[in-house]
Chemist: 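One structure, pasted below without further comment.
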Amino acid sequence: MTDRKLLIVATSNPGKLKEMQAYLQDLGWELQLKPEELEIEETGETFIANACLKASEIAKATGEWSIADDSGLMVDALDGQPGIYSARYGSSDADRISRLLRELGGEQNRQAQFVCAIAIARPDGTIALQVEGICHGEILHSPRGTGGFGYDPIFYVPAQQQTFAEMTPEIKRSYSHRGQAFQALLPQMETIVK
């Protein structure tokens with residue numbers, strides 16, 4: 001396809017850019033990381049609010065279409081915590097997992113869900129699309145698996161009988177909250193730019 005359309009990804013994380021490219025590769029979009037100096041404070045109270053905020057601000061700053069996601073882990077027994085603060089729940093993945101397991105303690109209810117909200121903004125900052133994907137699972141008592149990142153080693157998906165950290169990238173993509181969100185997004189993306 002010769003007329004590739006530019007889509008600025010509202011992140012400085014090359015790993016997230018690569019992951020999004022895997023979902024969007026067949027749609028004719030060229031993905032690019034946001035300029036390093038553009039930092040958007042996540043002041044929204046929901047995942048979708050933060051995704052919309054980031055996509056809108058990056059689009060307005062660059063004058064290009066922008067895509068942003070916000071995601072995190074919500075644990076039922078902790079009233080939905082860490083939620084939108086999932087990435088700020090500790091200083092490292094190990095620290096965040098340790099804190100979560102400590103706070104859950106011997107709690108019997110281990111139900112949780114990963115949530116991913118994705119928003120796409122037009123060059124003027126208005127939101128063209130927004131979707132949310134959810135993956136239900138359980139929090140294990142100790143980590144299992146070496147793949148993935150974040151809370152993946154303690155997030156167990158009963159349908160697969162594996163944690164996110166034990167799944168192959170392909171299986172994780174089809175089950176994960178981000179995978180669910182992209183499955184909802186992709187059919188709609190063809191309608192936003194002709």
Side-chain angles (χ1 to χ4, degrees), residues 4-74 82-97 113-135 147-152 155 164-165 169-170 172-186 188-189 192-193:
R4 293 184 78 70
K5 300 168 288 285
L6 187 60
L7 189 59
I8 306 295
V9 181
T11 183
S12 304
N13 180 340
K16 190 173 277 191
L17 173 83
K18 192 175 176 191
E19 194 173 66
M20 284 194 181
Q21 271 172 330
Y23 288 111
L24 300 173
Q25 62 190 356
D26 299 331
L27 293 182
W29 291 90
E30 179 187 332
L31 273 59
Q32 187 176 302
L33 288 174
K34 73 169 180 63
E36 193 70 42
E37 67 278 5
L38 284 180
E39 281 303 321
I40 310 300
E41 193 177 347
E42 297 179 16
T43 55
E45 294 186 10
T46 63
F47 295 114
I48 204 74
N50 280 330
C52 289
L53 177 74
K54 291 187 284 188
S56 180
E57 292 298 314
I58 296 298
K60 286 190 281 193
T62 61
E64 301 285 353
W65 285 82
S66 174
I67 186 170
D69 80 332
D70 194 42
S71 56
L73 178 66
M74 300 179 75
I84 59 171
Y85 304 106
S86 293
R88 296 167 275 194
Y89 217 53
S91 57
S92 67
D93 287 349
D95 192 30
R96 287 184 277 278
I97 286 172
Q113 55 267 340
F114 262 121
V115 178
C116 175
I118 301 174
I120 294 183
R122 297 177 186 89
D124 66 1
T126 58
I127 300 300
L129 291 175
Q130 60 185 44
V131 297
E132 199 167 65
I134 297 173
C135 178
F149 57 92
Y151 299 96
D152 288 0
F155 188 77
F164 272 177
E170 296 74 27
K172 183 183 172 191
R173 250 199 313 276
S174 65
Y175 274 90
S176 77
H177 50 306
R178 189 161 286 113
Q180 303 293 327
F182 272 103
Q183 282 175 27
L185 183 74
L186 294 177
Q188 298 178 51
M189 280 191 75
I192 60 172
V193 178

Chemist: Please evaluate residues S66 and I120 with respect to the criterion side chain to side chain contact (heavy atoms under 4.5 Å, CB included), reporting the C-alpha separation (whole Å), side-chain torsions for both, the decisive distance (0.1 Å), and the verdict.
Modeler: CA-CA 6 Å; S66 174; I120 294 183; over 6 Å; no
Chemist: Considering only heavy atoms from C-beta outward, does the side chain of V131 approach that of I48 to under 4.5 Å?
Modeler: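 V131 vs I48: side chains apart.
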Chemist: Check for a donor-acceptor pair, side chain of D93 on one end and backbone N or O of G150 on the other, with a separation under 3.5 Å.
Modeler: yes
Chemist: If the threshold is 4.0 Å, N to carboxylate O, is there a salt bridge linking D152 and K172?
Modeler: yes
Chemist: Can you name the side chain to side chain donor-acceptor pair (under 3.5 Å) partners of S176, sequence neighbours left out?
Modeler: none
Chemist: May I ask you to test the V115-H177 pair for a side-chain heavy-atom distance under 4.5 Å?
Modeler: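 When only atoms from C-beta onward are counted, H177 and V115 do not touch, as no gap falls below 4.5 Å.
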Chemist: Identify the heavy atoms of Q130 and C52 that sit nearest to each other, and give their distance.
Modeler: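 In terms of heavy atoms, the two residues are closest at OE1-SG, 3.0 Å.
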Chemist: Compare every heavy atom of G44 with every heavy atom of N50, then report the nearest pair and how far apart it is.
Modeler: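 Smallest interatomic distance, heavy atoms only, reads OD1-N, 2.7 Å.
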Chemist: Do K5 and W65 come close enough that some side-chain heavy atom pair is under 4.5 Å?
Modeler: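 Side chain of K5 against side chain of W65, heavy atoms only: no contact under 4.5 Å found.
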Chemist: The test is side chain to side chain contact (heavy atoms under 4.5 Å, CB included); show your working for D70 and K54 and say whether it passes.
Modeler: CA-CA 9 Å; D70 194 42; K54 291 187 284 188; 3.7 Å; yes
Chemist: Do the side chain of R96 and the main chain of Y89 share a donor and acceptor less than 3.5 angstrom apart?
Modeler: no
Chemist: Could you check whether any side-chain heavy atom of E36 comes within less than 4.5 Å of a side-chain heavy atom of S12, counting everything from C-beta outward?
Modeler: yes
Chemist: Using 0.5 Å steps for rounding, measure from the CG atom of L186 to the CG atom of D26.
Modeler: 9.0 Å
Chemist: Are more than 12 heavy atoms from other residues, nucleotides or ligands located less than 6.0 Å from atom CD of E170?
Modeler: yes
Chemist: Testing the 3.5 Å rule here: is there a donor-acceptor pair between the side chains of K34 and T11?
Modeler: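 No donor-acceptor contact under 3.5 Å links the two side chains.
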Chemist: Please answer whether the main-chain N or O of L73 pairs with a side-chain N or O of S86 as donor and acceptor at a distance below 3.5 Å.
Modeler: yes
Chemist: Hey, could you give me the CD/CG distance between Q21 and L27, rounded to the nearest 0.5 Å?
Modeler: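 Separation between the atoms: 12.5 Å.
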Chemist: For C135 and F155, work out which heavy atoms get closest and say how close.
Modeler: O-CZ, 3.3 Å
Chemist: Answer with yes or no whether the side chains of T126 and D124 bring together a donor and an acceptor at under 3.5 Å.
Modeler: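 The criterion, which ignores hydrogens and geometry beyond distance, is satisfied for T126 and D124.
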Chemist: Taking C-beta and beyond as the side chain, do E30 and L7 meet within less than 4.5 Å on heavy atoms?
Modeler: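 Not in contact.
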Chemist: Please report the closest heavy-atom contact between A121 and I127, naming both atoms and the distance.
Modeler: CB-CD1, 4.0 Å
Chemist: Show the nearest heavy-atom pair for residues G125 and S56, with the distance to one decimal.
Modeler: O-OG, 2.7 Å
Chemist: What's the shortest heavy-atom distance between A55 and A119, and which atoms?
Modeler: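 Looking at all heavy atoms of both residues, the closest pair is CB-O, 3.6 Å.
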Chemist: Apply the test ring pair (Phe, Tyr, Trp, His ring centres under 6.0 Å) to residues F164 and Y151: give CA-CA distance (whole Å), side-chain angles for both, the deciding distance (0.1 Å), then the verdict.
Modeler: CA-CA 8 Å; F164 272 177; Y151 299 96; over 10 Å; no
Chemist: Passes side chain to side chain contact (heavy atoms under 4.5 Å, CB included), Y23 versus Q183? Steps please.
Modeler: CA-CA 9 Å; Y23 288 111; Q183 282 175 27; over 6 Å; no
Chemist: Report, as yes or no, whether the 6.0 Å neighbourhood of atom CD on E45 holds more than 12 heavy atoms from other residues, nucleotides or ligands.
Modeler: no
Chemist: Between T62 and I58, is any pair of side-chain heavy atoms under 4.5 Å apart?
Modeler: yes
Chemist: Go through the steps to decide whether K16 and D69 satisfy the test side chain to side chain contact (heavy atoms under 4.5 Å, CB included), and finish with yes or no.
Modeler: CA-CA 10 Å; K16 190 173 277 191; D69 80 332; 2.9 Å; yes
Chemist: Answer whether the closest heavy-atom distance between the side chains of F182 and I118 falls below 4.5 Å.
Modeler: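 With C-beta onward as the side chain, the pair touches.
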Chemist: Should F47 and I84 count as side-chain neighbours, where that means a heavy-atom distance under 4.5 Å?
Modeler: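 The answer is yes, as the side chains (C-beta and beyond) meet within the 4.5 Å cut-off.
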Chemist: Which distance, rounded to the nearest 0.5 Å, do you find between the CG of L33 and the CG of L38?
Modeler: 12.0 Å
Chemist: Just checking, is any N or O donor in the side chain of S71 or R178 under 3.5 Å from an acceptor N or O on the other one?
Modeler: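 The answer is yes; a qualifying pair exists.
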Chemist: If the test is side-chain contact (heavy atoms from CB on, under 4.5 Å), which one of L185, L129, I8 qualifies with I67?
Modeler: L185
